[in-house]
Amino acid sequence: MAVAATQTSTLLAPRRRVGRAMSLLLYLRRHPMLTVGLIMFLALVLFSTAGTLLIDPLKDPYPLAGPASKPPSLEYLFGTDAQGRDLFAVMIVGTRLSLQIGLLAGAIGLAIGVVLGLVSAFYGGWLDNVIRWVVDVMFTIPSFLVMVVIASLLRQYISIESMALILAAFAWPGPTRAIRAQVLSLREREFLRLARLSGMRGPEIIIRELLPNLAPFLLAGFVSALIAAVYGALGLELLGLGSQREPTLGMTFFWMQKFSALLRNLWWWWGIPIAIILILILSLFLISFALDEWANPRSRRSQ
């Protein structure tokens, strides 16, 4: 019997994978915004990764890599800035670094929010009161102003990783509150009662029962956290509070302002970065909007 069951599960596994792939394709077909957003986002990821094969990432995105203030040409596809950076290389490396900051900050912030939200809602009691109080206090703090102060104090030591940690330090209250609300709505469901009656303990119930049911919501929350982190990084870097050496998208705008690219009519210096940022933000918003519909049970039932 055990052998037959194993053989049956082995035969059904490919069918399940095919069924999941088909359901994903059908969902993408019903939601063209998600498809367009994913295509745009993956195109940027491909540009920032495969593009490194066309440049010298240790030289071209940095000052004195070429002649200053050259317009786009066959030699310099996106032109150069006032310090001689090859803007084609800057866009490749800068997109990757900006995505790295956003992904790292979003992942850390969401992870903290998941842990605190699950613990708060599932166990309740004084633990729930403490976590809710801390979250409420964090919401009263002007987070961007505090990040500006912290980044100013650490300005000489700021790096890609430390920038992500600064953003992550203020990225968890929103996910904590949202996940707590979701868990509270699931806590008294029948499947959790059956899990308790079967002898499962709290951590096991959280891992095996709650997290799989929260997967769509967590994915949507991660994209929202990524958007917030990208915005936060751009804001700090526009003030010159990012890594002065690394050619991120935000620091490109800082140098553009410092060297008066608009007044000097160096349109390629500001036009191309704006286009890259617009594509990134638009792709993330399209993905986030579609995932919010997926994570909303009412929307899923109505489709």
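Note that these values count all heavy atoms, side chains included, but never hydrogens, waters or copies made by symmetry.
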Side chain proximity check, [X] to [Y], heavy atoms < 4.5 angstrom:
| X | Y | answer |
| --- | --- | --- |
| L167 | M147 | yes |
| F253 | E237 | no |
| F144 | L236 | yes |
| L99 | F41 | yes |
| I92 | D60 | no |
| M91 | L249 | yes |
| I276 | T95 | yes |
| R132 | N129 | yes |

Contact summary for [X] and [Y], nearest pair of heavy atoms:
| X | Y | value |
| --- | --- | --- |
| S224 | S288 | OG-OG, 3.6 Å |
| P72 | L77 | CB-O, 3.2 Å |
| P175 | L110 | CB-CD1, 4.0 Å |
| F217 | A178 | CZ-CB, 3.6 Å |
| S69 | A82 | OG-CA, 3.6 Å |
| I131 | L116 | CD1-O, 3.7 Å |

Would you compute the distance between atom [atom1] of [X] and atom [atom2] of [Y] and round it to the nearest 0.5 angstrom?
| X | Y | atom1 | atom2 | value |
| --- | --- | --- | --- | --- |
| R177 | D136 | CZ | CG | 5.0 Å |
| I274 | W269 | CD1 | CH2 | 13.5 Å |
| L286 | L291 | CG | CG | 11.0 Å |
| F170 | L165 | CZ | CG | 12.0 Å |
| S73 | E75 | OG | CD | 6.0 Å |

Going by distance alone, is a donor N or O of one side chain under 3.5 Å from an acceptor N or O of the other, for D86 and T80?
no
Between F259 and L266, does the side chain to side chain contact (heavy atoms under 4.5 Å, CB included) criterion hold? Intermediate values first, please.
CA-CA 10 Å; F259 287 91; L266 302 178; over 6 Å; no
Are [Y] and [X] connected in a single hydrophobic cluster, I mean Ile/Leu/Val/Met/Phe/Trp/Tyr linked by side-chain heavy atoms less than 4.5 Å apart?
| X | Y | answer |
| --- | --- | --- |
| V36 | F285 | yes |
| L87 | L262 | yes |
| V149 | L239 | no |
| Y62 | Y76 | no |
| W267 | I279 | yes |

Determine yes or no for a side-chain-to-main-chain donor-acceptor pair under 3.5 angstrom, with T49 supplying the side chain and V45 the backbone.
yes
Okay, side chain of W270, backbone of Q257: is any donor-acceptor separation there less than 3.5 Å?
no
Between V230 and S98, is the side chain to side chain contact (heavy atoms under 4.5 Å, CB included) condition met? List the steps.
CA-CA 7 Å; V230 169; S98 295; 6.0 Å; no
